[in-house]
Amino acid sequence: VATSTVNPDYISVGNNGAAQSVAASGTDIIFDTNIASSGIGYCTSTGVFTLTAGKTYRITSEIAFQEYSAPGYLLVQLVDGSSNTAINTQVTSYPYNTGFNEVNNPVSDIIYTPNTNQTVKFRITGGSAGLTAQQRGGGFSRAVIQQINPTIAVQATATGSLNATVGNVTL
């Protein structure tokens, strides 16, 4: 019997400290705390994640904003860590809430397979002209990247004869 363990890559990050000032003209989202990780690099000073070529990832974020300078909205996308080019067409809108001057945790959910080793980050890519706000601290903002469908190589060596059927596999 050949057995092996699958260890998919993952990372969980959050903005657990102070609020981060942001602007609709383009600001990288910084999560200041790497909560748990294995196999995915992250820089808490730049907000850049490092993904491995050929692996498929589920990338989710729940970002909260507060202290909007005026009524309006912010747009956030997952972008290339170097060029700021959008990874896909998903854009999450964070509209001003007149009752509380904050918006909490709309979800972004992306499946992505990079062709080459690649860095990615969340970035404010647009919104109401001149708008400023703060990404909420204190654990209100977070993101998770999980490798999905990981593969393993199993090598089995047998001597003698074996005839068995397991599911759709005949040995």
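Reckoned from all heavy atoms, side chains included, excluding hydrogens, waters and symmetry mates. Because the structure is predicted, anything quoted here is derived from the model rather than measured.
Note that the CD1 atom of Ile29 and the OG atom of Ser141 stand 7.5 Å from one another [nearest 0.5 Å]. For the atom pair OH of Tyr42 and CD1 of Ile30, the computed distance is 5.5 Å after rounding to the nearest 0.5 Å. Summarising the geometry, atom CZ belonging to Phe65 is positioned 11.0 Å from atom CD belonging to Gln134; distances are rounded to the nearest 0.5 Å. Separating the NZ atom in Lys55 from the CD atom in Gln146 is a distance of 14.0 Å, to the nearest 0.5 Å. The CD1 atom of Ile11 sits 5.5 Å away from atom CZ of Phe49, with the distance rounded to the nearest 0.5 Å.
In this structure, Ser69 contributes its side chain and Thr132 its backbone to a donor-acceptor pair below 3.5 Å. Asn101 places a side-chain N or O within 3.5 Å of a backbone atom of Tyr68 that can act as its donor or acceptor partner. Asn117 places no side-chain N or O within 3.5 Å of a backbone atom of Thr50 that could act as its donor or acceptor partner. Between the side chain of Asp109 and the backbone N or O of Thr60 there is no donor-acceptor pair closer than 3.5 Å. Looking at Ser38, its side chain never comes within 3.5 Å of a backbone N or O of Tyr10 through a donor-acceptor pair. A donor-acceptor pair under 3.5 Å is formed between the side chain of Tyr57 and the backbone N or O of Thr52. Using a distance-only test at 3.5 Å, with no hydrogens or angles considered, a donor-acceptor pair links the side chain of Ser83 to the main chain of Thr85. A donor-acceptor contact shorter than 3.5 Å links the side chain of Asp32 to the backbone of Asn16. Of the possible polar contacts, none joining the Gln66 side chain to the Phe100 backbone as a donor-acceptor pair under 3.5 Å is found. Tyr112 places no side-chain N or O within 3.5 Å of a backbone atom of Leu78 that could act as its donor or acceptor partner.
The two residues Gln77 and Gln90 have their closest heavy-atom pair at CG-O, 3.4 Å. In terms of heavy-atom proximity, Ser108 sits nearest to Thr92 at CB-OG1, 3.5 Å. Contact record, Ala64 with Asn104: CB-OD1, 3.5 Å, taken as the closest heavy-atom pair. Among all heavy-atom pairs drawn from Pro8 and Pro150, the shortest one is CB-CG, 4.0 Å. For Thr27 against Ser21, the heavy-atom pair with the smallest separation is CG2-O, 4.0 Å. Scanning both residues, Lys121 and Gly81, for their nearest heavy atoms gives NZ-O, 3.6 Å.
Connection of Ile124 to Phe140 is not established within any shared hydrophobic cluster, with ILVMFWY side chains joined at heavy-atom distances below 4.5 Å, either directly or through further cluster members. Linking ILVMFWY residues whenever their side-chain heavy atoms come closer than 4.5 Å, directly or via other members, places Leu74 and Ile110 in the same cluster. Linking Ile, Leu, Val, Met, Phe, Trp and Tyr whenever their side-chain heavy atoms come within less than 4.5 Å puts Ile59 and Val13 in one cluster. A chain of hydrophobic side-chain contacts below 4.5 Å, direct or via other Ile, Leu, Val, Met, Phe, Trp or Tyr residues, connects Ile87 to Ile145. Under a hydrophobic clustering in which Ile, Leu, Val, Met, Phe, Trp and Tyr are joined whenever their side-chain heavy atoms come within less than 4.5 Å, directly or via other members, Leu75 and Leu131 fall into different clusters.
Tested against Arg136, the residues Glu62, Glu102, Glu67 include a single salt bridge (charged side-chain N to carboxylate O under 4.0 Å, His left out) partner, Glu102. Of the candidates Asn84, Val79, Val22, Asn84 is the only one forming a side chain to side chain contact (heavy atoms under 4.5 Å, CB included) with Asp28.
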I'd like to know whether Thr44 forms a side chain to side chain contact (heavy atoms under 4.5 Å, CB included) with Thr33, so could you lay out the CA-CA distance, the side-chain angles of the two residues, the decisive distance to 0.1 Å, and finally the verdict.
CA-CA 7 Å; Thr44 56; Thr33 305; over 6 Å; no
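Taking 4.5 Å as the limit, every side-chain heavy atom of Val144 sits out of range of all side-chain heavy atoms of Arg58. In this structure the side chain of Gln118 reaches within 4.5 angstrom of the side chain of Asp80, judged on heavy atoms.
The aromatic rings of Phe122 and Phe31 sit perpendicular to each other, their planes meeting at more than 60°, with 30° as the lower class boundary.
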